[in-house]
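Scroll down for the structure; my scribbles are underneath it.
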2 protein chains.
Amino acid sequence: MVDTIFSHRSIRKYLDKPVEEGVLNQILMAGIRASNTGNMQMYSMIVSTDLDLKEKLWEVHFKQKMVLQAPVHITFCVDVNRFHHWCKASGTSIPYDNFLWFVNGAIDAVLASQNVCIEAENNGLGICYLGTTVYNADRIIEILDIPKGVIPVTSIVIGYPDENPTLTDRLPLEAVIHREKYNDYSKMSIHEFFNEKDNSEFSRKLVLENGVKNFASVFTEKRYKKDDNIFFSKKYFEILKKQGFFNHD
Amino acid sequence: MVDTIFSHRSIRKYLDKPVEEGVLNQILMAGIRASNTGNMQMYSMIVSTDLDLKEKLWEVHFKQKMVLQAPVHITFCVDVNRFHHWCKASGTSIPYDNFLWFVNGAIDAVLASQNVCIEAENNGLGICYLGTTVYNADRIIEILDIPKGVIPVTSIVIGYPDENPTLTDRLPLEAVIHREKYNDYSKMSIHEFFNEKDNSEFSRKLVLENGVKNFASVFTEKRYKKDDNIFFSKKYFEILKKQGFFNHD
């Protein structure tokens, strides 16, 4: 059993203690050992530790304190730019500026990120993913001088933990797993699978705090609302085109 | 150091030996412990072991022998369908049928898949990712009865290895890592970073076999050609729209 997988919690408070260069190096090496499409490694990791840069990134990531606190910030990007440079240097064509390679590269980047996280946690470090990367990818592109052919998909912060939170709840395994084929949900199975979530102390507290009728509404009416989702969908898709991942109809 | 990360090789030959139910369960549990957006778990894992199903999947995955050989096949999907069922049961709106949640869900699905792979390898099993998932997602949707709101992004096969391949080469760490900001590549740095790849015995052999002028051309002219890339880009994007992940301009 890989203990770090089963004991993973996102860490949002960090000690004022840098990550040793040797440890950081090993963590990054773990990233590049991940599977990737055709061994073409269509991703890049941008490792930022500079305080000024972190302050700019903190603004973009909705001013979450941990972005300032954690000593290391890594932005994982789809990257066809490096491969295209190689194609040019080899006098051949430039065929990866399209949606397929955004998807392939995103898979590769995320496989690398998870290796980095597991290896980091195995070294006593804490991590937290930043979903805000997709929301403000345009500003991250500016801050980190990211060229065409490259687009951020996710980011993490890494550092020594200054908190020890409990494990987060998950849906029962049967809710997420389908045996053989996809078994669509019935009203009854949804009720069964979400029952614990709906009735936990945690969710009741959030429902009260947010003044909504139930836990699902905390997500749909407060945290991830339709208008925001559509706004950020359009925005990220525009960035994707601008970065050169959609040179076709 | 998480040994399985550093000793990972894709396994393409499998013993005729099933994966024990207890082991499989533990591996799947590892998947759901992964970080995910807002703890909303917008993904599903479809675990197929049935021979007839595997034969259909084998056809779709370009008839790669390992798909028939390996006892377990897992299809990782973005899934907003389950969450939407919950929204409906809770009498609230249905806001996740858009591109943002395709991207969020794809990240979540791939984080789960990498946990599954690392835990599998830690149990003595071998794995291989199937990039062909994106190419023929429409046929996978048919075979596995996948409803609207769900789209396959990657698949793996799992089983006991019947081969012991060497580690695959990777670009030097400095080629994939950028310190502080993105450092774009020069002709010189590209030459330096790809030198080993260009001149390895492995690549020279492939160049000869494929009758092309250099290693980059093996990718651009043979394996991942522009026309194919554009064909599959358009196809996957259409599937994405059809599955309900693009209900906006």
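Labels below follow one simple rule: chain letters A, B, ... track the order of the sequence lines, proteins then strands, and each chain is numbered from 1. Just so you know, these numbers use all the heavy atoms, side chains as well, and skip hydrogens, waters and symmetry mates.
There is no contact between Ile141(B) and chain A, counting heavy-atom distances below 4.5 Å. Residue Val2(A) touches chain B through both its backbone and its side chain, counting heavy-atom pairs closer than 4.5 Å. If you measure heavy-atom distances from Phe6(B) to chain A, the contacts under 4.5 Å come from both the backbone and the side chain. Using a 4.5 Å cut-off between heavy atoms, Ala109(B) does not touch chain A at all. At a 4.5 Å heavy-atom cutoff, Ile74(A) makes no contact with chain B through either its backbone or its side chain. Heavy atoms of Lys88(B) lying under 4.5 Å from chain A are absent altogether. Contacts of Phe219(B) with chain A are made by both backbone and side-chain atoms, with heavy-atom separations under 4.5 Å. For Phe245(B), no part lies under 4.5 angstrom from a heavy atom of chain A. Proximity to chain B (any heavy atom under 4.5 Å) is restricted, for Ser10(A), to the side chain, taken from C-beta onward. Heavy atoms closer than 4.5 Å to chain A are found in the side chain of Ala89(B), but not in its backbone. For Met40(B), the part lying under 4.5 angstrom from a heavy atom of chain A is the side chain only. There is no contact between Ile27(B) and chain A, counting heavy-atom distances below 4.5 Å. Of the atoms belonging to Lys54(B), not a single heavy atom falls under 4.5 Å from chain A.
Note: Ser44(B) leads Ser186(B), Ala34(B), Gly38(B), Ser44(B) in heavy-atom pairs under 4.5 Å with chain A. Among the candidates Phe232(B), Trp101(B), Tyr236(B), the residue making the largest number of heavy-atom pairs closer than 4.5 Å to chain A is Trp101(B).
Using a cut-off of 4.0 Å between Lys/Arg side-chain N and Asp/Glu carboxylate O, Glu180(A) and Lys56(B) are scored as not salt-bridged.
Using a 30° and 60° split on the angle between ring planes, Phe99(B) and Phe237(A) fall in the perpendicular class, above 60°.
Between Gln114(B) and Asn115(A), the shortest heavy-atom contact is NE2-OD1, 2.7 Å. Between Ile107(B) and Val153(A), the closest heavy-atom pair is CD1-O, 3.4 Å.
The closest side-chain donor-acceptor pair between Tyr224(A) and Asn104(B), if any, does not fall under 3.5 angstrom. A donor-acceptor contact closer than 3.5 angstrom is absent between the side chains of Asn229(B) and His248(A).
Remark: side-chain polar atoms of Asn39(A) are paired, donor with acceptor, to backbone N or O of Asp169(B) under 3.5 angstrom. Between the side chain of Arg33(A) and the backbone N or O of His8(B), no donor-acceptor pair lies under 3.5 Å. The closest donor-acceptor contact from the side chain of Glu119(B) to the backbone of Ile5(A) lies at 3.5 Å or more, if one exists at all.
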